[in-house]
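Structure first, then comments.
Each chain gets a letter, A, B and so on, in the order the sequences are listed, and its residues count up from 1. Only a predicted model underlies this, so the values are computations on that prediction, with no experimental measurement involved.
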There are 2 protein chains.
Amino acid sequence: MNLALPFTYKEFVLLHPLSIEGICKEIYQDNRNSIKIKKEELAIKNLTKIMKTVIKISHKQGFHAMSLRDLSRESELSMGALYNYFSSKEEFLNMMYIQGQALINKIMQESIRAGQNSSERLLRGICTHLYLSESISKIFYFFYMEAKSLKPEDQKKAITMEQFTENVFEELLKDGIQNGEFEIPYPLLTASAIKALLQDWYLKRYKYSERKISVEEYANFLIRFVYQNIENTNSKELK
Amino acid sequence: MNLALPFTYKEFVLLHPLSIEGICKEIYQDNRNSIKIKKEELAIKNLTKIMKTVIKISHKQGFHAMSLRDLSRESELSMGALYNYFSSKEEFLNMMYIQGQALINKIMQESIRAGQNSSERLLRGICTHLYLSESISKIFYFFYMEAKSLKPEDQKKAITMEQFTENVFEELLKDGIQNGEFEIPYPLLTASAIKALLQDWYLKRYKYSERKISVEEYANFLIRFVYQNIENTNSKELK
DNA sequence: GTCTATAGCCGGATAGAC
DNA sequence: GTCTATCCGGCTATAGAC
């Protein structure tokens with residue numbers, strides 16, 4: 001079976017120039033009502049600055065521990081100015097979360113659909129997730145850590161990225177079993193394992209960085225690690 | 001190769017009746033100076049109640065978001081009483097962390113050393129970690145989530161459980177390669193993957209619980225998943 | 001040893017000048 | 001649109017009665 005990566009990280013980034021700015025643009029356009037600043041360009045510029053600062057400060061001790069005074073100082077916007085962009089600290093977290101997840105899920109779905117068969121779709125799914133989390137690793141980390149900081153009502157609305165990822169891979173594996181491409185003793189646990197190994201890449205970013213392991217190296221490792229457990233040996237022999 | 005579990009969860013629990021009480025006993029004995037209550041039995045009883053409550057409340061929104069008023073109410077000790085057991089909120093976190101980790105690391109080391117060869121030690125390592133995290137899953141989850149809440153000085157002192165686990169498995173795998181039991185293309189990444197999959201068990205406890213997957217089932221899955229990638233096929237054929 | 005009461009500070013949020 | 005000044009509730013930590 002051909003386990004070559006379907007695309008490189010560079011190719012992916014060129015195709016999906018994903019950025020915090022991009023997410024903030026969507027946040028602005030979906031929240032024109034509640035955001036008091038009417039000049040789009042300025043609003044997006046400041047939203048981006050706020051979001052980057054939130055992620056930076058929260059990284060250390062979590063969103064709850066970040067005070068708006070911290071945020072005001074580091075984002076170089078006054079307390080008053082901040083409140084033109086959101087109506088409460090909590091609401092801002094919610095906006096970031098909803099908008100960011102929607103964008104990520106969309107890219108994942110599109111990329112996987114482009115695969116011709118289950119095996120190709122699995123390779124694309126793994127690569128896309130890794131490359132996405134590489135290009136905006138701070139956001140992935142933030143979402144993972146702060147999911148439980150959402151209000152309970154919003155928590156239910158937002159299917160976590162977590163569960164979404166796992167479901168995508170579970171369906172993918174089951175399709176592959178049905179059409180004979182894969183042979184998997186525990187598809188559910190296997191999907192869960194893939195998800196855990198994808199998460200490790202962005203949750204432990206510093207570790208892999210220290211060890212100078214590139215995202216493509218990790219992708220290759222992960223694909224081989226998984227394929228040892230899902231390859232249909234009959235279909236391999238036929239080739 | 002024989003991949004049967006070296007012991008069941010029940011056997012493990014009987015051998016290591018690990019509990020929050022046990023950790024609190026050690027906390028008390030190591031902090032006699034700073035804890036103002038002198039009756040050992042009473043002190044441990046209250047410490048246990050405090051620690052259980054801390055873990056329970058922190059589970060929802062993190063240690064930082066837990067106020068001492070919350071803790072006082074739910075632990076049924078007054079604010080004043082609490083301060084007989086610690087000198088600050090932060091210091092209590094520190095005590096819990098240091099003491100808990102020491103105990104966990106000790107049990108892991110002892111259990112692994114009892115294995116006769118690399119393969120047996122690996123099986124024991126995986127099972128011990130899973131069973132440990134099963135019996136005190138809330139503590140494992142708490143430690144994982146709150147590691148970054150420690151003061152920077154304490155963070156450096158305490159090698160995270162995370163890194164400890166990974167190092168243990170890395171050495172184990174390398175030993176196995178040296179003596180010909182294993183054949184592993186990327187031992188470092190493999191150790192990292194084992195750790196990630198062990199973590200998933202306690203970080204996503206609710207998920208496995210919902211799906212009615214027992215800790216032994218997960219242990220079996222994990223062992224097989226890993227062995228597909230490390231088995232020395234030459235040595236297998238010889239058998 | 002445990003309690004209640006409170007000091008003193010810091011947080012989110014807002015009002016109103018510019 | 002952005003700022004400074006301020007309100008006020010909630011927080012940690014402590015003092016002192018029982």
Earlier contact from the 5' end, DNA chain C, for D70(A) and S87(A):
D70(A)

Aromatic plane relationship, Y9(A) with Y131(A) - under 30° parallel, 30 to 60° tilted, over 60° perpendicular:
perpendicular

Whole-Å distance separating the CG atom of L68(B) from the P atom of dA13(D)
6 Å

When you look at NZ of K138(B), are more than 12 heavy atoms from neighbouring residues, nucleotides or ligands closer to it than 6.0 Å?
no

On DNA chain D, nearest-nucleotide positions of A81(A) versus R69(A): which is more 5'?
A81(A)

Report yes if some heavy atom in the side chain of L172(A) is under 4.5 Å from a heavy atom in the side chain of F169(A); otherwise report no.
yes

Give a yes/no on whether any side-chain N or O of N46(A) is located under 4.0 angstrom from OP1 or OP2 of dT2(D).
yes

Using whole Å, report how far CE of M79(A) lies from P of dT14(C).
10 Å

For A65(B) and S78(A), take the nucleotide of DNA chain D holding the closest heavy atom to each; which residue's nucleotide lies nearer the 5' end?
S78(A)

Distance, rounded to the nearest Å, where K38(B) contributes NZ and dG1(C) contributes P
8 Å

What is the distance, to the nearest angstrom, from the OH atom on Y83(B) to the P atom on dT14(D)?
7 Å

Under 4.0 angstrom between Y85(B) side-chain N/O and dA13(D) OP1 or OP2:
no

Nearest whole Å is fine: how far is dT2(C) P from L77(B) CG?
7 Å

Write down the distance between NE2 (H64(B)) and P (dG12(C)), rounded to a whole number of angstrom.
12 Å

I'd like to know if E21(A) and K45(A) make a salt bridge, using a cut-off of under 4.0 Å between side-chain N and carboxylate O.
no

Below 4.0 angstrom from OP1 or OP2 of dC11(D), is there any side-chain N or O of S67(B)?
yes

How many Å lie between CD1 on I50(B) and P on dG1(C), as a whole number?
14 Å

Taking every heavy atom of I27(A) against every heavy atom of M96(A), the minimum-distance pair comes out as CD1-CA, 4.1 Å

What is the distance from CD of E76(B) to C1' of dG1(C), rounded to the nearest Å?
17 Å

